[in-house]
Amino acid sequence: MSDPVFFSGGVPVSLGEIAALAGIPVPDGSDGARVFASVAPLDTAGPGDLAYMDNPRYGDALAATAAGACLVSPRFAERVPAGTAALVTREPYRVFAQVLARLYPTAVRPQPLFSASGVSPGAVVHTEARLESGVAVDPGAVVGPGAEIGSGTLIGANAVIGAGVRIGRDCAIGAGAVVTHALLGNRVIVHPGASIGQDGFGFAMSGRGHLKVPQVGRVIIQDDVEIGANTTIDRGASRDTIIGEGTKIDNLVQIGHNVVIGRHCVIVSHVGISGSTTLGDFVVMGGQSGIVGHAHIGSGAQVAAGSGITTNIPPGAVWGGTPAKPVKDWMREVAWLKLAVAGRHANRPQKTADDDGKPS
């Protein structure tokens, strides 16, 4: 449940405003002026709460909910109880997110620990750094020479912004994050502990030992990108590592040097993307999947969790398994293997026992 100690400052929304966000009329028999100040899951929601539902697993919870209103997709609308205002929309989760941002604005991105703007005591900002008005720098943060930071941006406690780094407006760099050799656009969120712009893993390997290859590229992060806690993004070797507009990266992801990720991709935790790999737009990488270097993943492709990608994937394809292949082929192989193992056990001779109970 939401706790006002951690999330405060929002403005209650009326049923009419929620309906407007969804692009639908107020449900018949409902009061558009009715106000909601909180949200809750279906099973714990009360008359003053807004809930949402778009998953068949929660059909029974929907039918029994006491929520005052529920955002629901058309296929589940008939299961909404009579006492709950049914806000029927094709995108209930998206509208729910918009309402959450209105009710709990401080939950949208990391917040300053001290003042909303200005350099806090204990922070170190180099005299050659340039900060626009409205930048907040928390205690312990370090901003190097030549760095430029746009208005409305937060630099969290103990974060390090390297020399010459450019960070756009309305960004948030979480506590303990490190950003070097990088250019960030506007509204970029970097969660605590992330590391951006460090050396790529490049060595000239031989029997005489492995010679380090200097990494002289940058990291370019476009507008509206979100980078999860403890994720690492290496700078390019001789060209740039690029993260496209609107891409969302989960916690604990490793992105190698020279990688180019397109717009609005989703990369789930524990993914590893090897150097010089390219992802098109709207690619989805399931958790713990990995890609070898120099591969190309086409726009709109999806990779199942735990998969190992060893070759290119065409646009719009859905692949899975290790080594990964089209998901239908992968599922056929899994099914065949299951049948083969079951048949082998069925045909195995059964052990018998002598009269004294010992195996014969």
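For the pairing with Ile221, the side chain to side chain contact (heavy atoms under 4.5 Å, CB included) check across Ile261, Ile196, Leu183, Val179 returns one residue only, Ile196.
Side-chain atoms of Gln111 and Thr106 include no donor-acceptor pair closer than 3.5 Å. No side-chain N or O of Ser299 forms a donor-acceptor pair with one of Asp281 less than 3.5 Å apart. Counted by atom type alone, Asp234 and Gln198 present one or more donor-acceptor pairs between their side chains at under 3.5 Å. No side-chain donor from either of Ser269 and Asn251 sits under 3.5 Å from a side-chain acceptor of the other.
Remark: side-chain polar atoms of Ser307 are paired, donor with acceptor, to backbone N or O of Gly321 under 3.5 angstrom. Panel note: side chain Ser120, backbone Val137; a donor-acceptor pair is recorded below 3.5 Å. Distance alone, capped at 3.5 Å, is enough to place a donor-acceptor pair between the Asp223 side chain and the Asn186 backbone. Not a single donor-acceptor pair under 3.5 Å links the side chain of Glu148 to the backbone N or O of Gly146. No donor-acceptor pair closer than 3.5 Å links the side chain of Lys212 to the backbone N or O of His210. In this structure a side-chain-to-backbone donor-acceptor pair under 3.5 Å is present from Thr231 to Leu252. A donor-acceptor contact shorter than 3.5 Å is absent between the side chain of Thr322 and the backbone of Ala324. Checked by atom type and distance alone, the side chain of Thr153 never pairs as donor or acceptor with a backbone atom of Ala172 at under 3.5 Å. Distance alone, capped at 3.5 Å, places no donor-acceptor pair between the Ser289 side chain and the Gly306 backbone. Without hydrogens or angle criteria, Asp170 side chain to Arg187 main chain gives no donor-acceptor distance under 3.5 Å.
Applying the salt bridge (Lys or Arg N to Asp or Glu O under 4.0 Å) criterion to Glu245, with sequence neighbours excluded, gives no partner residue.
You'll find the side chain of Val108 stays beyond 4.5 Å of the side chain of Leu100, heavy atoms only. Annotation: side chain of Ile309 is in contact with side chain of Val303 (closest heavy-atom distance under 4.5 Å). Between Leu154 and Asp138, some side-chain heavy-atom pair lies under the 4.5 Å cut-off. The shortest side-chain heavy-atom distance between Cys70 and Leu42 falls under the 4.5 Å cut-off. Between Val284 and Cys265, every side-chain heavy-atom pair lies at or beyond the 4.5 Å cut-off. Side-chain contact between Ile167 and Val188 is absent, with no heavy-atom pair separated by less than 4.5 Å. Contact check for Pro92 versus Val95: no side-chain heavy atoms found under the 4.5 Å cut-off. In this structure, the side chains of Ile18 and Phe36 come closer than 4.5 Å at one or more pairs of heavy atoms.
Note on Val259: it does not cluster hydrophobically with Ile242, by side-chain heavy-atom contacts below 4.5 Å among ILVMFWY residues. Hydrophobic clustering (side-chain heavy atoms under 4.5 Å, transitive across Ile, Leu, Val, Met, Phe, Trp, Tyr) groups Tyr52 together with Val13. No single ILVMFWY cluster, assembled from side-chain heavy atoms under 4.5 Å apart, contains both Ile173 and Val142. The hydrophobic clustering, which links ILVMFWY residues whose side-chain heavy atoms are closer than 4.5 Å, places Leu15 and Leu71 together. Under the 4.5 Å side-chain contact rule for hydrophobic residues, Leu62 and Val88 share a cluster.
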TODO: Kindly indicate, with the supporting measurements, whether the criterion side-chain hydrogen bond (donor to acceptor under 3.5 Å, both in side chains) is fulfilled by Glu226 and His191.
DONE: CA-CA 8 Å; Glu226 185 159 351; His191 286 280; 2.7 Å; yes

TODO: Begin with the C-alpha distance, continue with both residues' side-chain angles, and end with the deciding distance and a verdict on side-chain contact (heavy atoms from CB on, under 4.5 Å) for Asp54 and Phe76.
DONE: CA-CA 8 Å; Asp54 192 25; Phe76 302 119; 4.0 Å; yes

Task: side-chain contact (heavy atoms from CB on, under 4.5 Å) between Trp319 and Val327, intermediate numbers included - done: CA-CA 5 Å; Trp319 281 35; Val327 70; 6.0 Å; no

TODO: Walk me through it: do Leu87 and Ile24 pass the test side-chain contact (heavy atoms from CB on, under 4.5 Å)?
DONE: CA-CA 8 Å; Leu87 296 162; Ile24 60 175; 4.0 Å; yes

Task: Test side-chain contact (heavy atoms from CB on, under 4.5 Å) applied to Asp60 and Arg79, step by step - done: CA-CA 8 Å; Asp60 291 342; Arg79 302 202 66 179; 3.2 Å; yes

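Here the CD1 atom belonging to Ile189 is positioned 12.5 Å from the CD1 atom belonging to Ile249, to the nearest 0.5 angstrom. Taken from CD1 in Ile291 to OG in Ser274, the straight-line distance is 8.0 Å, to the nearest 0.5 Å. Once rounded to the nearest 0.5 Å, the distance linking NZ of Lys248 with CD1 of Ile243 reads 12.5 Å. Atom CG of Asn258 sits about 5.5 Å away from atom OG of Ser238, to the nearest 0.5 Å. To the nearest 0.5 Å, atoms CZ (Arg34) and CG (Leu50) are separated by 10.5 Å.
Shown here for Arg263 and Thr247, the closest heavy-atom pair between the two residues is C-OG1, 3.8 Å. Closest of all the heavy-atom pairs between Phe201 and His257 is O-CE1, 3.7 Å. Pro27 and Ala86 get closest at one heavy-atom pair: CG-O, 3.2 Å. A pairwise comparison of heavy atoms in Gly320 and Ala304 identifies CA-CB, 3.9 Å as the closest pair. The minimum heavy-atom distance linking Ala45 with Ala40 is given by the pair CA-CB, 3.7 Å. Closest approach of Ile255 to Thr241, counting heavy atoms only: CG2-CG2, 4.3 Å.
Residue-environment remark: CZ (Phe203) exceeds the threshold of 12 foreign heavy atoms within 6.0 Å. Around CZ of Arg94, the count of heavy atoms belonging to other residues, nucleotides or ligands within 6.0 Å does not exceed 12. At most 12 heavy atoms of other shown residues, nucleotides or ligands fall within 6.0 angstrom of atom CZ in Arg169.
Between Tyr93 and Phe96, the ring-plane angle classifies as parallel under the 30° and 60° cut-offs. Classification of the Tyr104-Phe7 ring pair by plane angle, with boundaries at 30° and 60°, yields perpendicular.
Residues Arg235 and Asp240 are not paired through a salt bridge, judged by the lack of any N-O separation under 4.0 Å between the basic side chain and the carboxylate.
Counting only residues at least two apart or in different chains, ring-ring contact (aromatic ring centres under 6.0 Å, His included) contacts with residues 278-315 comprise His264-Phe282.
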Distance-only check: which donor-acceptor pairs under 3.5 Å involve side-chain atoms of residues 329-340, not counting sequence neighbours?
from   : atom 1 : to     : atom 2 : distance (Å)
Asp329 : OD1    : Arg332 : NH1    : 2.9

